[in-house]
There are 2 protein chains.
Amino acid sequence: MSQKYELSSSEEEYLEAIYTTQEGKARVATTRELAACLGVRDASVTEMLKKLSEKGLINYTPYRGAMLTEAGCKIATKVKRKHRLLERFLVDICGIDTHESHKQACEIEHVISDKAIDTLSAQLGHPSTCPGGSAIPESDSEDETDVSRLSEVKEGSYTIRFLTSAEPETISRLCSLGLIPGLTVRVQRTSSKGPLVIETKDTQIALGRDVAESLLVSPEAMETEGRRRRRRRGAPSAATPG
Amino acid sequence: MSQKYELSSSEEEYLEAIYTTQEGKARVATTRELAACLGVRDASVTEMLKKLSEKGLINYTPYRGAMLTEAGCKIATKVKRKHRLLERFLVDICGIDTHESHKQACEIEHVISDKAIDTLSAQLGHPSTCPGGSAIPESDSEDETDVSRLSEVKEGSYTIRFLTSAEPETISRLCSLGLIPGLTVRVQRTSSKGPLVIETKDTQIALGRDVAESLLVSPEAMETEGRRRRRRRGAPSAATPG
DNA sequence: CGTTATATTTAGGCTAACCTAATATATAAA
DNA sequence: TTTATATATTAGGTTAGCCTAAATATAACG
Ligand SMILES: [Mn+2]
Ligand SMILES: [Mn+2]
Ligand SMILES: [Mn+2]
Ligand SMILES: [Mn+2]
């Protein structure tokens, strides 16, 4: 049933392109369209369409065009989701320009795992669109992570998940305060105006509202499986020396 | 001089492997070692060593082994840095297990840009080791973090970034003086002893040395190129629809 | 309907990065 | 030093994914 083929980057790329041309109106994608979209020659497209058809990922009628099958659509959607989330990440978090972020996203999308991308999505607050405005498909695996901006939470304990800001200095500042992912902080007072006072292990810090906005936190974690595993890491593995 | 070749993932991979076998002791890497490390056959290694040698990235003596040149080492270091930072990211932030994170990092490292990885490093608080414990090489591009304690700066204009103190009252005091994050102040005199005199928009304030210590400031920001560009982004580009 | 223009496929090549098998060199043992 | 073993290189082959040019199918037009 569910193909456990390992698809090549190129095969995924073609599926993604078909998905894109079909987006919304569900018409067939023509050879030329795809060639233009992918920056390859028509002949290369034909070749790949035959292969994808044999794998049951598209319905292909020679001289007529191609259309994703259920199976193909599932894969394409996943890839597109990764692409768009990665763009969000690269643009919003890393401050990469849109052209570069597209290029990088379109490579990383083929190697990043489903699990990693779901976490990333949570980190970003489950955005619904990519920087260009296109919709980001939902994940099929349910993964509730409760992430919000530090500037919006009420009193209590929170774990820092991520620093989001395109401004390097903001990040530097947060780092120099030790406010890095993994740290648990207590939010002390939250008057709707003025600085936010938070307490770390040994210090109190007042943060400007704007800065607090760039800190993504989740409620002090109950012991989750993922976290427990993470804490337990450490023992340098001889097998994967980095 | 500085090779503006675009290297393939594979070429980078070999450089990285040579780097790894050389790490610490600077001996040559043998064909067999590399083959084992990369999971390919000896013959494939020989082939690639010749190519890398021609590109001036390694010193290769047939039957003897290979060693990175200055140029090759620079590239290998960059790749390794990316690898290890990505592992940190995938393990710490995404909760991926070490084996998987190694595999993913080893692919992403070849496509993620220098700029993106530097931002990521900052996000993670500039970690010095990968999850396995190996050192993460420094970035060659300087990334200014310019935060210091008010008690230590010389005359000039500064912006208050944070109030840090173990004492809740200190923070309250500073807040009541209007010394909150975001405010720009001029430091007037800095005798090495005694109170510090600072000037805000409309007042002069004398601060005790100890209090000044809990104020983190950065130099009044000039408009940097990076910052300007970043602020300007935004307009969704029709060219790269995600 | 025939003719022309456009879109698509087929045929035949190329390159990077692998591989196996055969050969050559270097090192260790006798 | 000669021989045996381990290591490295060369020669020749395969595959995926691209290409160009030629052949063919479809669509558009008078
Ligand atoms: Mn892609
Ligand atoms: Mn893509
Ligand atoms: Mn790699
Ligand atoms: Mn690697």
For [X] and [N], what is the distance between atoms [atom1] and [atom2] respectively, to the nearest whole Å?
{"X": "A:L49", "N": "D:dC18", "atom1": "CG", "atom2": "P", "value": "12 Å"}
{"X": "A:L34", "N": "C:dA7", "atom1": "CG", "atom2": "P", "value": "14 Å"}
{"X": "B:Y63", "N": "C:dT25", "atom1": "OH", "atom2": "P", "value": "5 Å"}
{"X": "A:E11", "N": "D:dG17", "atom1": "CD", "atom2": "P", "value": "6 Å"}
{"X": "A:R41", "N": "C:dG12", "atom1": "CZ", "atom2": "P", "value": "20 Å"}
{"X": "B:E6", "N": "C:dT15", "atom1": "CD", "atom2": "P", "value": "20 Å"}
{"X": "A:K51", "N": "D:dC18", "atom1": "NZ", "atom2": "C1'", "value": "11 Å"}

Toward the 5' end of DNA chain D, by each residue's nearest nucleotide, A:P62 or A:M48 |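 The residue whose closest nucleotide sits nearer the 5' end is A:M48.
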If you find the nucleotide of DNA chain D closest to A:D42 and the one closest to A:R64, which residue's nucleotide is nearer the 5' end?
-> A:D42
Tell me what A:T31 touches on the nucleic acid: a base, only sugar-phosphate, or nothing, going by heavy atoms under 4.0 Å.
-> sugar-phosphate
Ignoring the backbone of B:E47, work out which of D:dT10, D:dT20, C:dA17 is nearest its side chain.
->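 The listed nucleotide nearest to B:E47's side chain is C:dA17.
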State whether A:D118 and A:R81 are salt-bridged, where the test is any N-O pair (Lys NZ or Arg NE/NH1/NH2 against Asp/Glu carboxylate O) under 4.0 Å.
-> yes
Any salt bridge between B:E12 and B:K82, counting N to O under 4.0 Å?
->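 Salt bridge absent between B:E12 and B:K82.
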Flag for B:E100-A:S113: side-chain donor and acceptor within less than 3.5 Å = no
Which is it for A:K55 and A:E11 under the salt bridge (Lys or Arg N to Asp or Glu O under 4.0 Å) test, yes or no, and what are the steps along the way?
-> CA-CA 11 Å; A:K55 293 195 177 183; A:E11 289 169 319; 2.7 Å; yes
